[in-house]
Amino acid sequence: MKPVLSALGLLLLAACGDVKNPNGMPARAPASASPQVVPARPPKPDPAAATTENPVMPADTSLAGAWLIFDGSLRGHDAATLNQLIDPEYGLWVLEQAGGRPLVSRVADVRQFRDQRRQPLFALDQTLLRGAPPQPVAALPAPACPAGTYARRGTFAGPATAFRALNFWQTAPIHGGTRNQAQAAQGRVVRSVLQTGTGYQFHFAKSAGAGGRWRLVFMDLRGACPR
């Protein structure tokens, strides 16, 4: 009977107090953890975007978004954001009219650029129209030359077909890059933004790869009817 009584005693002790493990320490029951909420579809990181995109530039989902980033950084003299609009592969090219012929310059850093009048790029904030995002059109308005006036006034976005077809390379000096690089950038653009107040055009391309951003590739600052 003694072994039976001993067993019953151990059971009673286990029911009334902590059961000790073979090392003499109380055996702890597993703590009840709070349930964790797991999202049904957790977001997947994009390693490529993390290595190629600088977070200083807000995400844009359309050409209008890229234009507003450009306009805002230009007026705020925000070189860091404006530099992020430059295509990392093709660069940014500025087309001007100098001495009766085109002049093409490659821009690596907007802080270092000066136009033919020795003006910084940020001086454009004094001439560009202020207003809403560009109005989408099937084709950009054409000027009436030689006056350089437009039937419609405002900011318009359309296909870059006309700019890609321009051939000014035989007479254009090129600064900061090669003709092949500049022509590759010209062939890359797909959308253009025109401001009729100045006749300036801004040509955009989209970065390669999934989730690519709109980039400013060419700026044509020759005006409506270059001579």
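Keep in mind that this is a model prediction, so the values were computed, not measured.
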Hydrophobic cluster of Leu103, others only, ordered by chain and residue number, side-chain cut-off 4.5 Å: none
Linked, directly or transitively: Phe113 and Phe218 (ILVMFWY side chains, under 4.5 Å): no
Residues that Arg118 engages under salt bridge (charged side-chain N to carboxylate O under 4.0 Å, His left out), provided they are two or more places apart: none
Gap between atom CG of Asp115 and atom CZ of Arg117 - 0.5 Å precision: 5.0 Å
Residues 158-177 side chain polar contacts: donor-acceptor under 3.5 Å, at least two apart:
{"from": "Arg164", "atom 1": "NH1", "to": "Val189", "atom 2": "O", "distance (Å)": "2.9"}
{"from": "Trp169", "atom 1": "NE1", "to": "Gln186", "atom 2": "OE1", "distance (Å)": "3.0"}

Shortest non-hydrogen separation from Tyr150 to Ala224 and the atoms involved: OH-CB, 3.5 Å
Closest approach of Thr198 to Thr127 (non-hydrogen atoms, all atoms of both residues): CG2-O, 3.5 Å
All salt bridge (charged side-chain N to carboxylate O under 4.0 Å, His left out) counterparts of Asp125, not counting sequence neighbours: none
Phe202 side, atom CZ; Gln195 side, atom CD - distance, nearest 0.5 Å: 6.0 Å
Side-chain touch Gln135/Arg152, heavy atoms, less than 4.5 angstrom: yes
Check: Gln181 side chain, Thr178 main-chain N or O, donor-acceptor pair, under 3.5 Å: yes
Inter-residue atom distance Phe70.CZ - Arg75.CZ, 0.5 Å rounding: 9.0 Å
Joint cluster assignment, Leu194 & Tyr200, ILVMFWY side-chain distance < 4.5 Å: no
Arg213-Ser207 side chain donor-acceptor pair, cut-off 3.5 Å: no
Within one Ile-Leu-Val-Met-Phe-Trp-Tyr cluster: Leu128 and Val217, side-chain cutoff 4.5 Å: no
Spacing of Leu82 atom CG and Leu216 atom CG [to the nearest 0.5 Å]: 7.5 Å
Heavy-atom closest contact (His203 atom, Ser192 atom, distance): ND1-OG, 2.6 Å
Any donor-acceptor N/O pair, Asp109 side chain to Asn83 backbone, under 3.5 Å: no
Within residues 86-116 or reaching into it, pairs that qualify as disulfide bond (SG atoms under 2.5 Å apart) - sequence neighbours excluded: none
Option among Pro134, Pro136, Pro141 that satisfies the side chain to side chain contact (heavy atoms under 4.5 Å, CB included) test with Phe156: Pro141
Lys206 side, atom NZ; Arg215 side, atom CZ - distance, nearest 0.5 Å: 11.5 Å
Closest approach of Leu124 to Met219 (non-hydrogen atoms, all atoms of both residues): CD1-CE, 3.4 Å
In one Ile/Leu/Val/Met/Phe/Trp/Tyr side-chain cluster, 4.5 Å: Leu140, Leu221: no
Shortest non-hydrogen separation from Thr196 to Gly154 and the atoms involved: OG1-N, 2.8 Å
Can you give each donor-acceptor pair under 3.5 Å made by side-chain atoms of residues 85-102, sequence neighbours left out, with the distance rounded to 0.1 Å?
{"from": "Asp87", "atom 1": "OD1", "to": "Glu89", "atom 2": "N", "distance (Å)": "2.8"}
{"from": "Asp87", "atom 1": "OD1", "to": "Tyr90", "atom 2": "N", "distance (Å)": "2.9"}
{"from": "Trp93", "atom 1": "NE1", "to": "Tyr90", "atom 2": "O", "distance (Å)": "2.9"}
{"from": "Glu96", "atom 1": "OE1", "to": "Gln116", "atom 2": "N", "distance (Å)": "3.2"}
{"from": "Gln97", "atom 1": "NE2", "to": "Arg227", "atom 2": "O", "distance (Å)": "2.2"}

Minimum-distance pair of heavy atoms, taken over all atoms of Ala157 and Arg191: O-NH2, 3.8 Å
